[in-house]
Number of protein chains: 2
Amino acid sequence: MEPDAQGPDTLDRAFMALADPVRRAMVARLSRGDATVNELAEPFAITKQAVSKHIQVLEHAGLVTRSRDAQRRPVHLDAAALERLTAWIDQYRLIAESRFRQLDELLGAGIPHEEQTRKEESK
Amino acid sequence: MEPDAQGPDTLDRAFMALADPVRRAMVARLSRGDATVNELAEPFAITKQAVSKHIQVLEHAGLVTRSRDAQRRPVHLDAAALERLTAWIDQYRLIAESRFRQLDELLGAGIPHEEQTRKEESK
DNA sequence: TAATTGATCAACTGATTTGTTGATTAAGAG
DNA sequence: CTCTTAATCAACAAATCAGTTGATCAATTA
């Protein structure tokens, strides 16, 4: 029923969300506990409307969720969403690193790799 | 001489670089080995100029480096740059998760957490 | 030298992003 | 009901981004 679990461009939106220093600071703040829009706005020299939009970006990216507490809308960090991002990155980092290791062995350990990989197909 | 190691907005650029499906596909491809612009362009229905720009975005973000091989410019994935990204994310994910764990203990294990954290300052 | 290949530069368009101000909704407090 | 607080909606300006076409540069090959 949910083909392509949580959308294909969820990664787009999530990485995009983290590509802004204001939103990264918000994530850092939220890692320490839920917070309201006003609390999140406090460290910044921008309007509360702008902060509200930043939160919507984080929410639309699936990085945070929101609840209700009277007229407050506490923002909650979703750690699992962060994990999905590191999982994506690590997947390819590990492939690359294992390739480097193989190369090092082949070249007889000593040189701590760095820009090789071709030189094979240079013929 | 280099205050603020590799720039403050390096994270901006790196996350921004990964916020595009074409560039993520390139990272995936490069994890399997260096490649030229033409090789990277092959899977996509966009011009080579557009691909060239994508590579420049990745390069400016510090995610890839480039060398020379005659008129070819092989692109090389920098695994260490990927690791810096996961390090940033994990830092805050771990803070949030350890907070969840503390809460779970306090509430007597059983409920696998999810949207609590306030209810303390509701007074 | 001339032609080909790999890749970049330059200029332009359309879409999206970030921020603003001003008005509006929603819930509580006097 | 009125006022205050928390937050959002709407419309707009400035900047940036992804993509295009057309021209150029650099290195190899005929």
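In what follows, chains are A, B, ... by sequence order, proteins preceding strands, each numbered from 1.
Residues that satisfy the side-chain hydrogen bond (donor to acceptor under 3.5 Å, both in side chains) test with A:Asp90, not counting sequence neighbours, are A:Arg93. For B:Ala28, the side-chain contact (heavy atoms from CB on, under 4.5 Å) partners are A:Tyr92, not counting sequence neighbours. Under the rule for a side-chain hydrogen bond (donor to acceptor under 3.5 Å, both in side chains), A:Arg84 has no partner lying at least two apart in sequence or in another chain. Every residue two or more places apart in sequence or in another chain was checked for a side-chain hydrogen bond (donor to acceptor under 3.5 Å, both in side chains) with B:Arg72, and none qualifies. Partners of B:Ala19 under the side-chain contact (heavy atoms from CB on, under 4.5 Å) rule, at least two apart in sequence or in another chain, are A:Phe15, A:Met16. The side-chain contact (heavy atoms from CB on, under 4.5 Å) test applied to B:Pro21 returns A:Asp12, B:Arg24, not counting sequence neighbours.
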Step by step, would you call B:Leu18 with B:Leu85 a side-chain contact (heavy atoms from CB on, under 4.5 Å)? CA-CA 10 Å; B:Leu18 294 183; B:Leu85 297 186; 3.6 Å; yes
Show, in sequence, the C-alpha distance, side-chain angles and deciding distance for A:Val64 and A:Asp78, and conclude whether the side-chain contact (heavy atoms from CB on, under 4.5 Å) test is met. CA-CA 5 Å; A:Val64 306; A:Asp78 183 351; over 6 Å; no
Where do B:Glu59 and B:Thr65 land on the side-chain contact (heavy atoms from CB on, under 4.5 Å) test, with the steps shown first? CA-CA 6 Å; B:Glu59 188 179 23; B:Thr65 58; over 6 Å; no
For A:Val27 and B:Trp88: C-alpha separation, side-chain torsions, deciding distance, then whether side-chain contact (heavy atoms from CB on, under 4.5 Å) applies. CA-CA 11 Å; A:Val27 168; B:Trp88 189 92; 4.2 Å; yes
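For DNA chain C, the outermost nucleotides in 5' to 3' order that have an atom under 4.0 Å from a heavy atom of chain A are C:dT17 to C:dG28.
Between the two ends of the helix from C:dT1-D:dA30 to C:dG30-D:dC1, each summarised by a five-pair axis, the helix axis turns through 10° (rounded to 10 degrees).
In this structure, the side chain of B:Arg66 engages the main chain of B:Arg73 through a donor-acceptor pair within 3.5 Å.
In this structure, A:Arg66 reaches the D:dT8 phosphate: one of its side-chain N or O atoms is under 4.0 Å from OP1 or OP2.
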N/O donor-acceptor pairs under 3.5 Å from side chains in residues 46-57 of chain A, not counting sequence neighbours:
| from | atom 1 | to | atom 2 | distance (Å) |
| --- | --- | --- | --- | --- |
| A:Thr47 | OG1 | A:Ala50 | N | 3.3 |
| A:His54 | ND1 | A:Arg23 | NH1 | 3.1 |

Hey, can you pull the donor-acceptor pairs under 3.5 Å for the side chains in residues 36-45 of chain A, sequence neighbours left out?
| from | atom 1 | to | atom 2 | distance (Å) |
| --- | --- | --- | --- | --- |
| A:Thr36 | OG1 | A:Glu39 | N | 3.2 |
| A:Glu39 | OE1 | A:Thr36 | N | 2.9 |

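If you measure from atom CD1 of A:Ile55 to atom P of D:dC9, you get 12 Å, rounded to the nearest angstrom.
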Distances under 3.5 Å only, N/O to N/O: pair up the protein atoms with those of nucleotides 27-30 of chain D.
| from | atom 1 | to | atom 2 | distance (Å) |
| --- | --- | --- | --- | --- |
| D:dA27 | OP1 | B:Arg68 | NH1 | 3.4 |

Going 5' to 3' through nucleotides 16-21 of chain D and flagging B where a protein heavy-atom sits under 4.0 Å of the base, S where only the sugar-phosphate is that close, and - otherwise, we get -SSBBB
